[in-house]
Structure formats: C-alpha cells, structure tokens
Amino acid sequence: MDQHSPRNHPKGSLPQSIPLSAVDAQEGSRIPSGIPELDRVLGGGIMKRSAILVGGEPGIGKSTLLLQIAAAAGTKGRILYISGEESAGQVRIRGDRLGITTDRIELCCTGKLEAVTAVLEAVKPMILMVDSVQTLYTDEAGMIPGTINQLKYCSSELITWVKEHDAALFLAAHVTKEGLISGPKTLEHLVDTVLYFEQRHGDRRFLRVTKNRFGSVDEIGIFIMEEQGLKVADPALLFLVRREGTLAPGIATAAVLEGTRALLVEIQALTVPAKSSAMSRVLSDRIDHHRVSRIAATLEKHLGLRLSDQDIYINVAGGIRITEVGVELPLACALYSARTGHPIPGRIAIAGELSLAGEVRPVRGLIRRIKTIQSLGFDQFLGPQLDPLEESSGSHHQTPEAKKDIQGTTVLAVKDIQSAIKSLF
Ligand code: TYD
Ligand code: MG
C-alpha cells in the first residue's frame, strides 16, 4: 500500500484538525472488566480503543483471564474470542469449568488474519480477544506464523480496527521462562498497555503492569488460580507469616507500596561464609540482586558490618517480587539481623529508602503504610522522618531519632541507618 494513501480518510478528504474542546470525551471512556482487581491494575477499567498485551509463560492463566473478562466485562456489546491454539470444544470446556453461561461471547478458531477481519466486520465486537498473538498469520507478511513480521503486521491491523470501531483488544502472548522472547517484546511498542503474569508461586498469580498509557505502571494484581478460575486474593493475609514471640534472626517485616496498595511482607535474610574465597554471592530472585549488593555495601561501609566475605540469600515470603524502593531499609535491617544474630523485635514494620551515604530517605505514602500496619495488628513503625506534606505539624529540625504517635502506632522516625539499628536493637 502507498504510504500516503488516506486510509483513515475514506472520502479522500485532507486530514483536518478539530478544536480540543470539541473532542468527544466518550472516546476515552472505560469499560469495567468485571474483575475489580484487574480494573485497578489497568487504571480504572478497560480503555476503549486500547490494545492490551497479556504476557506470561504457557499454563500460567492467560486464556483463563481472557475468558473470565469476556464473561464479566460490563458492556452490552458483543465479545469476539479468537482462538488460534485451542479448538472450540476446548474453549467450551474451559468456559464450563469457569461457570460461564453468557451467550454474548462469539468464538472463532482461526489464526488467519483475513478470516479474523472478516468475522470482525460481521460481529463488530466491543471487545476482541486474540489467543494467542503468536498464532496469527497472513500471506501479506510471509507464511510462517510467529515471526516478528507476522506479529507486527497482524497486531497493527487489529489495533487499527479497534481504534476505528471504539472497541478494545486483548492479545495473549507467550513468554518463555528464560525471559522476554523477542516476539512479544516488539509488540510492546504497538500496544497501549502491557500486563505480565510473573513467575508463579504455587497457585498464586501476580499480574504486573509494565506499560500503561492510561494509568500507573506500578500496580500489581494478586490472584489465586482455583478450580473455577482466577480468584482475587486478600493480600493482607497472603504475605505475612504469623509468628508468636520473638522473630528468628534475619527476619524483618516490610511495609511496601506496590502501586497504590500498601502490603506487609516478610523479608528473610541469611548470610553464610562465602564458599569461594575469591568471590561472594548474592542469591535473591524476589528483590533485585543489585539492590541487595548495594544495601550490603552500605551496611559494610557505615556500620562496619563485614558482609563482603559472606554469601547472601534473600527471600520474600509468599513469592511476591518487590520492586518498590521502600524495601531498602527493612532489607538492611534483615541483613544486619542475619549477620549479627540479633532478632528484630516482633510487631514492628519497617519502610524507607537507603542512600549510599547511609541516610534513610523519605518514601511516598507513609500514612497509607502506617494505616495498613495498624490494621494488621502491628504497633510500631520504623521509617524515615515524615514528609511535612503528609502531616500538618511538619518541623524541619528533627533529631536523628524522633518518636511519635500516629493514630495509635508508635512511629520511630530515623535519619540514618545507624539510628535505625540503634532503635531496633
Ligand atoms: P490457561 O489459562 O490455559 O494458561 P495459558 O493460557 O496462560 O497457557 O491455564 C491453564 C492452567 O490453569 C492449567 O494448568 C489448568 C489451570 N486451571 C485451573 O486451575 N482452574 C481453572 O479454572 C482453569 C480454567 C484452569
Ligand atoms: Mg492459553
């Protein structure tokens, strides 16, 4: 096709601008997915005219999620489910298992783009599901499905269609364990939103948004895969190991903010003399190991705690990956506790960023974190000095340690790692 052909201007008219104030705001409206946990991750529902990529390893629950959305989405329009991998019978069996009874889902088992577009014109769905994008192909882009050319060509055709028809598009994409294969990665630029099912942990499924033109990218949805599909899990109860009495050395409770939600998670640290005298190792797959190395170096420098001759193991109970910066202070406390053998007192939750200079830096949402720890029965919080914007009485001249009472929680506000350690042990 000629690059300059006026495909969006069927009457051959010249492109025209319109006053911003005359734009129909309905164009940007959202469709509730019927799954509030997903709506939160998406930033408030499925944006019309948007394309959403759902990535994850085979068997993690992409097809299940798509079918559940198809059944629950708050639209009167029809939903077209394109299955290139499974037969109609197999999709039906999954639907029965999920207890889906609606008759507004149209199913079409094909991977051929021309067949999909023909059905699209006939059905004119509000939501289009493609499962999976790797099975799409067209003669226009070479015969082999799954090549980058095919992926890009077919996806952009469908993206154009939903944009022109006020619909929304979900594309399921397989991603291998080794990481993001090149295929779906190239699609990230074409779509508006990218959701990834992270590495599984038993029946828990973490759905993280890594790109979102219409919302925040820090949100994480937490589900449990049950007999009847993905169910929303109460995060407060998932990650906290209830313990009686004193904690074992190396355990700290972190109050982290993943997206807009505060979570309490248990950080576990273990240090053992390095197996190789030439090199110590950091083993941590729930918290970025670069972050762990940096915190260990900061402790070594500012507290004189020798860690460079130790192998360090870090785990987060419950299998969730923590990316939020507020995990740094609890991580430092867990490492200190592991190395020295001193347990951290129970019922104290910790949050804060740690600078290379050993300062405890403020983190966002302190009040939200404190409310959460309170609701879970903790009575102390160790963290940075409160942001004057967050509390009314903000004084800039605080001592290295300040004790305050906020809504019944004792807040130990510290300026640096030395005073944090002093107030804990
Ligand atoms: P599926 O959605 O097919 O994964 P994907 O499309 O990402 O490959 O999920 C498959 C797994 O989920 C399979 O092991 C069966 C399990 N499952 C349940 O446990 N409960 C259910 O209700 C469904 C539909 C699937
Ligand atoms: Mg599938």
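Start at 1 and go down the list; that is how both ligands and their atoms are numbered. Any value given below was found using the heavy atoms of this structure, including those in side chains, with hydrogens, waters and symmetry copies removed.
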Is there a donor-acceptor contact under 3.5 Å linking the side chains of Glu300 and Ser308?
yes

For atom 3 (O) of ligand 1, grab the closest protein heavy atom and report residue, atom and distance to one decimal in Å.
Arg94 NH2, 2.8 Å

For atom 13 (C) of ligand 1, closest protein heavy-atom neighbour:
Gly59 O, 4.5 Å

Under 2.8 Å: N/O/S of Ser132 next to the Mg ion (ligand 2):
no

Show your working on salt bridge (charged side-chain N to carboxylate O under 4.0 Å, His left out) between Lys231 and Asp203 and close with a plain yes or no.
CA-CA 10 Å; Lys231 295 278 152 64; Asp203 54 4; over 6 Å; no

Closest non-hydrogen protein atom to atom 2 (O) of ligand 1, residue and atom name please, with distance?
Thr64 OG1, 2.5 Å

Salt bridge flag under 4.0 Å for residues Arg369 and Glu324
yes

Measure Leu98 to ligand 1 on non-hydrogen atoms and call it side chain, backbone, both or neither using the 4.0 Å cut-off.
side chain

I need the nearest protein heavy-atom contact for atom 6 (O) of ligand 1: residue, atom name and distance, please.
Ser63 OG, 2.7 Å

Pro58 heavy atom under 4.0 Å from ligand 1
yes

Number the atoms of ligand 1 from 1 as they appear, then name those within less than 4.0 Å of a heavy atom of Gln228, with their elements.
22 (O)

Please list, in number order, the atoms of ligand 1 under 4.0 Å from a heavy atom of Gly229.
20 (N), 21 (C), 22 (O)

Determine, for Asp288 against Arg294, whether the closest basic-nitrogen to carboxylate-oxygen distance falls under 4.0 angstrom.
no

For atom 20 (N) of ligand 1, what is the closest protein heavy atom, and at what distance to 0.1 Å?
Glu226 O, 2.6 Å

Near Glu227, which atoms of ligand 1 are under 4.0 Å from a heavy atom of that residue?
20 (N), 21 (C), 22 (O)

Just to confirm my output: which protein heavy-atom neighbour is closest to atom 4 (O) of ligand 1, and how far is it?
Gly61 N, 3.0 Å

Any donor-acceptor N or O pair under 3.5 Å, side chains Glu85, Ser132:
yes

So, Glu37 and Arg261, do they make that salt bridge, N to O below 4.0 Å?
yes

Test item: side-chain donor near acceptor, Ser83 and Asp131, under 3.5 Å
no

Identify which of Met225, Lys62, Arg97 has a heavy atom lying nearest to atom 15 (C) of ligand 1.
Arg97

Looking at Arg78 and Glu106, does any basic side-chain N land under 4.0 Å from a carboxylate oxygen?
yes

Determine, for Arg347 against Asp379, whether the closest basic-nitrogen to carboxylate-oxygen distance falls under 4.0 angstrom.
yes

